[in-house]
Amino acid sequence: MMEQKRLAEFDSDDTADDSEDDWTFAGVDTKYMTHGLHAYPARMIPQVARKLILKYSKFGDTVWDPFSGSGSTLVECMLTGRASVGTDLNPFATFLSRVKTTPIDFEILRKAHEILSKKISTTRTESHGSLEIPKMHNVDLWYKKYVQHDLAIIKKAISSIIEDSVRDFFRLCLAHTARETSNLKKREFKVVRMKEEEQKTFKPDVYQVFGDNIRRCIPLMQSFQNALPENYIKSKVIYSDNRTAPINNNSIDLVVTSPPYGDHGTTVAYGQFSRYPAHWISLDHEAVKTVDRRGLGGKSPREFDETALDSDSIRSTYWKVHDNSPKRAKQFFNFFYDYNESIEAMYKKLKSGGHAGIVIGNRLMARVRIPTDKITAELGVALGFKHVTTFPRNIPTKRMPWQNAPENVEGFKADTMHNEHIVILAK
Ligand SMILES: C[S@@+](CC[C@H](N)C(=O)[O-])C[C@H]1O[C@@H](n2cnc3c(N)ncnc32)[C@H](O)[C@@H]1O
């Protein structure tokens, strides 16, 4: 159990020599406390978020994560005594972030679990006339009949919990169970079904999976609560596109974020990942379905305009991509057009003197390495930022969902990104 942190421990630390900065964090646990409650694609390593927070902000400052995803930055802000705001246009991401940043007493969760287990047992023996199976396309393809039934029993039992934060904690446990017991291929972010053969022998015990997950999650929540500083500041999570986020201009001290690597359709499909679990916890179905279209680069391609974005790297890279695939070149331009609007929003919301730490990977597109780190710096400078530095970060191990990207052709060893970059801008 971690002790309550003294506040002074978390004041800013900008005395370190940048050249000696090592951002690798090889072998560290990245799923401690509420970071481990639920998976999310392309999570930021919490240690990187923490290091940026400590280096570029001080106790009580306000940090914004414009692409907050599962809320890694927000959790670290609460642990280090910063105020924080997260925005994401995926309703599953904002739901997950809210649960991760809402501390709940161990005793409350333990008792609620006990009552919930009893409720599930009685619901199992009742008549099931009123069981609600969420409306989803081809539900029988994704869930065995008995799994649908058992998940619906759990869903019904959870709905009787009165306290919102406690109910949401168990809804998150149900979301995890709905993923684990589905016919979705495991360890895959896109919607892919298990092979027929595998499905025949796949007979998950839904109640067991749910119970095991609760027993795993309650201690994670307990350690989060124990580690919070005495006067921690609760994170604010906003379901919004960051380009239109309801945040005042000149109000943010620090931005810490990891944007998508490219358009969601061809890299990490956040919406696809969230779709099935989200159905079972009754999140807005239409909003989850459209995440990948609403994310950066998700709309229909724009024609290339050399003068629209002030970045030499964009201009030169566009033509390299175009040589291999004119269609991908349009997607490339479309993504960076939207990305530029997000950087502009960061600039507007930051106070003068504030920093932005942007963690990015340089992906491949049509077999061309995209220098997103340079592009970020160039776009930032064109918008008024100063480019302070770019830290390289080796990635010790990482799942590579983007290996499924369309540019992967047989015989070509596709994208194995072994490093990221952390671009530091100052307003
Ligand atoms: C790389 S993930 C962020 C992961 C996050 N740092 C974490 O640790 O979980 C990128 C996120 O950006 C979100 N996103 C994409 N376009 C967005 C936009 N225009 N406004 C807000 N969020 C957006 C996606 O839904 C996704 O959750």
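We count ligands from 1, going down the list as the structure has it; atoms in each ligand are counted the same way.
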Are any of the N/O atoms in [X] less than 3.5 Å from those in ligand 1?
X	value
Tyr270	no
Asp241	yes
Ser258	yes
Asp65	no
Ala93	no

For ligand 1, which atoms, with element, lie under 4.0 Å from some heavy atom of [X]?
X	answer
Leu296	16 (N), 19 (N)
Ser72	7 (C), 8 (O), 9 (O)
Arg43	7 (C), 8 (O), 9 (O)
Ala42	1 (C), 4 (C)
Ser70	7 (C), 8 (O), 9 (O)

For ligand 1, is there an atom lying under 4.0 Å from some heavy atom of [X]?
X	answer
Pro66	yes
Pro259	yes
Ser240	yes

Side chain, backbone, both or neither: which part of Ala49 comes within less than 4.0 Å of ligand 1 when only heavy atoms are counted?
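No part of Ala49 is near ligand 1 at this cut-off.
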Structural part of Arg243 in contact with ligand 1, heavy atom criterion under 4.0 angstrom:
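For Arg243, the contact with ligand 1 is made by the side chain alone.
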Donor-acceptor pair, distance only, cut-off 3.5 Å: does the side chain of Gln199 make one with the backbone of Asn183?
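Flag not set: sc Gln199 to bb Asn183 has no pair under 3.5 Å.
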Is the backbone of Asp22 close enough, under 3.5 Å, to the side chain of Lys51 for a donor and an acceptor to pair up by distance?
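Yes.
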Mind checking whether Val206 and Leu151 have side chains closer than 4.5 Å, heavy atoms only?
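The answer is yes; the side chains approach within 4.5 Å.
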Quick one: are Leu296 and Arg243 in side-chain contact, heavy atoms under 4.5 Å?
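SC-SC contact between Leu296 and Arg243 confirmed.
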Quick one: is the NZ or CZ of Lys155 closer than 6.0 Å to the six-membered ring centre of Trp280, and within 45° of its axis?
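Not satisfied by the 6.0 Å and 45° rule.
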Tell me whether the count of non-hydrogen atoms from other residues, nucleotides or ligands lying under 6.0 Å of NZ in Lys427 goes above 12.
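Yes - once you tally the heavy atoms of other residues, nucleotides and ligands closer than 6.0 Å, there are more than 12.
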Using the benzene-type ring in the case of Trp, are the ring centres of Phe336 and Tyr339 under 6.0 Å apart?
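For Phe336 and Tyr339, the ring centres are under 6.0 Å apart.
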Looking at His38 versus Phe92, is the centre-to-centre ring distance below 6.0 Å?
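That pair passes the under 6.0 Å test.
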Exercise: identify the closest heavy-atom pair between Val147 and Pro204:
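Val147 and Pro204 have their closest heavy atoms at CG2-CG, 4.1 Å.
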So which atom in Phe332 and which in Ile314 form the shortest heavy-atom distance, rounded to 0.1 Å?
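Distance-wise, the nearest heavy atoms are CE2-O, 3.7 Å.
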